[in-house]
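The next block holds one structure in the form of C-alpha cells; read it before the comments.
Everything numeric here is computed off the predicted structure, so don't read it as measured data. By convention here, the first residue in the shown sequence is residue 1. Whatever order the structure lists them in is the order used to number ligands and atoms, beginning at 1.
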Amino acid sequence: MTSKIVSVVTGGAGFLGSHLCDRLIEEGHFVICLDNLITGNIDNIAHLLGNENFKFYKYDVTEYIFISGPVHNILHFASPASPLDYIKYPIQTLKVGSLGTHKTLGLAKAKNARFLLASTSEVYGDPLVHPQDEAYWGNVNPIGVRGVYDEAKRFAEALTMAYHRYHGLDTRIVRIFNTFGPRMRLNDGRAIPAFMTQALKNEDVTVFGDGKQTRSVCYVDDLIDGIIKLLHSNINEPVNIGNPEEITIEELAKEIIQLTNSKSKIVYKELPEDDPKIRQPDITKAKLLLNWNPKVSRYDGLVKTMEYFKKKLNIN
Ligand code: NAD
Ligand code: UDP
C-alpha cells in the first residue's frame with residue numbers, strides 16, 4: 001500500500017484526463033485511471049503504463065466501482081465530449097453523466113474522498129447571457145440532439161451538490177469551456193482538430209453555418225492549472241475555467257489555414273442543431289478566488305497543437 005495521496009481519474013485515457021494524470025503524478029500523487037476507452041485511447045497514457053505511481057484499469061464507471069485501500073481524490077472526467085461523439089453514443093453519454101456520477105460519488109462517500117466533477121459550458125446551452133457567469137442558469141433544449149450531454153452534465157452537477165449538501169461530501173465542480181491541445185483525437189469532430197487535420201492535408205476546411213458563431217478556446221495546460229487550483233481550494237459552487245478571448249469559427253478556420261501554411265479553402269456546411277451562437281466564459285470568479293488566469297495565447301497553443309497533429313499525420 002502506498003503512503004502517497006491517491007487520486008482516481010475517470011476518463012483518464014482521454015484528452016483532458018491524460019493531461020490530468022500527468023499533472024497529478026508530477027505533484028506526487030498515486031493515480032488510478034479508470035477508462036472504458038469508448039472515446040479515449042491507450043496511446044494517451046502509454047508513457048505512464050510502467051510508472052510505479054500509475055495504475056490503469058479498463059473499466060466502465062457506470063458499473064459499481066470497487067477500489068481497495070485509501071482514496072483521497074476522485075476526479076470524474078469520463079464522458080464523451082465532442083458533439084460528434086455524444087451524438088454517436090447518446091445513451092452511454094446519459095449513463096456516464098448520471099449513473100457514472102452516482103457511482104463515483106458513492107465511491108467518494110465510502111472513502112471520504114474529495115470529489116471533482118468535470119462539468120461544461122454546455123450547461124449554459126445556447127446562452128441568452130453573454131459572457132456566461134456561474135449565476136446564469138442556461139438555455140438548454142432537453143430533447144434536442146445535444147440534450148443527452150447537456151442534461152447529463154446538469155444532472156451530474158445537481159447530484160454532486162446533493163451529495164455535498166446531504167452527505168457533507170467535499171465536492172468541486174469545474175465548468176470547462178472549449179479546450180484544445182495535444183492528444184485530441186484527429187477525427188473527434190471538434191472544430192480545432194477538424195480544421196487542423198483538414199488544413200495539414202490541404203483538404204477543404206468545413207465551417208458549419210456562416211461561421212459567425214463564436215467560441216473562446218483555452219490551451220490545455222492553462223485548463224489543468226485551473227483544475228488543480230480548484231481541487232486544492234475550498235469552493236463547492238461551480239467555477240468557470242476557460243480563456244475569455246472570443247473568436248468567430250470562421251476566423252479560427254482562417255487562423256489555422258494561415259498557421260499551417262495550407263492551400264485549403266473554406267467550405268460552408270449546414271449548422272448542426274442547437275449549435276450555440278455565442279460562447280465566452282466570465283472568469284471573474286476563477287481570477288478572484290483561485291488567482292487563476294490563462295497564460296498561453298491562442299497562437300502559441302495552436303503551434304503546439306499543430307506539432308502534435310503533424311507527428312500523428314506523419315508530416316514534417
Ligand atoms: P475525451 O473523449 O478525450 O475523454 C473522455 C474519456 O472518458 C475517454 O477516454 C472515454 O473513453 C472515457 N469514458 C467515457 N465513458 C466512460 C465510461 N462509462 N467509463 C469509463 N470511461 C469512460 O474527452 P475530453 O475532451 O478529454 O473530455 C473530458 C471531460 O471533460 C468530459 O467529462 C467532458 O465533458 C469535459 N469537458 C471537456 C471539454 C473540452 O473542451 N475538451 C469542455 C467541457 C467539458
Ligand atoms: N465546427 C465547424 N466545423 C467543424 C467542426 C465544428 O464549423 O468541422 C463548429 C461547430 O458548429 C461549432 C464550433 O465549430 O459552432 C465549435 O464546435 P466544437 O465541436 O469544437 O465544440 P462545441 O463548442 O460546439 O461543443
Side-chain angles (χ1 to χ4, degrees), residues 9-21 33-42 44-45 57-63 65 75-87 89 91-101 103-104 117-123 126 146 149-150 152-153 156 174-181 183-185 187-198 204-218 220 223 227 240-242 247-250 252-253 256 266-279 281:
V9 179
T10 75
F15 161 49
L16 297 181
S18 62
H19 286 280
L20 199 53
C21 290
C33 166
L34 306 179
D35 199 303
N36 66 354
L37 302 178
I38 186 173
T39 58
N41 194 324
I42 201 83
N44 290 337
I45 49 166
Y57 297 97
K58 185 167 185 288
Y59 196 75
D60 182 342
V61 299
T62 64
E63 303 287 342
I65 306 166
L75 299 102
H76 182 36
F77 276 65
S79 172
S82 105
L84 213 66
D85 286 341
Y86 55 75
I87 288 165
Y89 301 115
I91 317 277
Q92 289 93 329
T93 302
L94 281 159
K95 282 177 72 180
V96 75
S98 54
L99 304 179
T101 304
K103 294 291 179 284
T104 48
L117 172 71
S119 186
T120 167
S121 51
E122 282 281 325
V123 300
D126 190 4
R146 295 175 88 104
Y149 181 66
D150 302 8
K153 290 291 184 180
V174 56
R175 290 189 180 149
I176 301 169
F177 282 65
N178 297 65
T179 300
F180 70 100
R183 300 189 195 154
M184 290 188 100
R185 242 170 51 239
N187 59 350
D188 87 354
R190 288 185 269 199
I192 290 179
F195 296 165
M196 197 66 96
T197 306
Q198 292 160 342
D204 286 346
V205 167
T206 54
V207 166
F208 298 159
D210 60 8
K212 300 291 183 261
Q213 69 273 32
T214 68
R215 293 295 185 272
S216 311
V217 296
C218 183
V220 61
L223 180 91
I227 289 170
N240 289 341
I241 300 282
I247 184 173
T248 69
I249 290 301
E250 189 181 46
L252 183 62
I256 291 175
I266 293 180
V267 294
Y268 295 85
K269 302 260 180 189
E270 199 180 334
L271 189 69
E273 189 182 321
D274 294 333
D275 197 288
K277 287 179 265 315
I278 43 174
R279 181 177 290 157

- Item | R279, K153, R175 screened by salt bridge (charged side-chain N to carboxylate O under 4.0 Å, His left out) with E122, the one that passes | R279
Decide whether the shortest distance between a heavy atom of [X] and an atom of ligand 1 is less than 4.0 Å.
X	value
A13	yes
M184	no
F180	no
H76	no
S119	yes

Could you name the option among [options] that has the heavy atom nearest to [atom]?
atom	options	result
atom 5 (C) of ligand 1	G11, A81, S79	S79
atom 40 (O) of ligand 1	T39, L20, T179, V61	T179
atom 18 (N) of ligand 1	N44, D60, V220, I38	D60
atom 5 (C) of ligand 2	G209, G189, A253	G189
atom 36 (N) of ligand 1	F15, Y149, F77	Y149
atom 16 (C) of ligand 1	I65, L223, V217, N36	N36

Near [X], which atoms of ligand 2 are under 4.0 Å from a heavy atom of that residue?
X	value
T206	2 (C), 3 (N), 4 (C), 7 (O), 8 (O)
A191	5 (C), 6 (C), 14 (O), 16 (C), 18 (P), 19 (O), 20 (O)
P83	19 (O), 25 (O)
A194	8 (O)
N178	21 (O), 22 (P), 23 (O)
V207	7 (O)

Just which atoms of ligand 1 are under 4.0 Å from any heavy atom in [X]?
X	answer
Y59	19 (N), 20 (C)
V96	15 (N), 16 (C), 17 (C), 18 (N)
G14	3 (O), 4 (O), 8 (C), 9 (O)
G40	8 (C), 9 (O), 10 (C), 11 (O)
K153	31 (C), 32 (O), 33 (C), 34 (O)

- Query: Quick check: does Y86 get an N/O under 3.5 Å from an N/O on ligand 2?
  - Reply: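 Checking ligand 2 against Y86, no N or O pair falls under 3.5 Å apart.
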- Item | Polar contact flag for F208 and ligand 2 (N/O pairs, less than 3.5 Å) | yes
- Item | Y149 side chain reached by T120 side chain, heavy atoms, under 4.5 Å |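 Touching, per the 4.5 Å side-chain cut-off.
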- Evaluate the side-chain proximity of L223 to H19: yes if any heavy-atom separation is below 4.5 Å, no if none is.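 Contact flag for H19/L223 side chains = no.
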Test item, [X] contacting ligand 2 (heavy atom, 4.0 angstrom):
X	value
Q198	no
R146	yes
P272	yes

- Considering the options L16, L34, D35, which one meets the side-chain contact (heavy atoms from CB on, under 4.5 Å) requirement together with F77?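 Of the listed options, the one satisfying the test is L16.
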Contact partition for [X] relative to ligand 1, non-hydrogen atoms under 4.0 Å:
X	value
L37	backbone
N178	backbone
E122	neither
S121	neither

- Task: List the closest protein heavy-atom neighbour of atom 11 (O) of ligand 2: residue, atom name, distance to the nearest 0.1 Å.
- Result: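 Going atom by atom, the protein heavy atom closest to atom 11 (O) of ligand 2 ends up being D275 OD2, 2.6 Å.
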- Message: I'd like to know if D60 and K95 make a salt bridge, using a cut-off of under 4.0 Å between side-chain N and carboxylate O.
- Response: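 K95 and D60: not salt-bridged.
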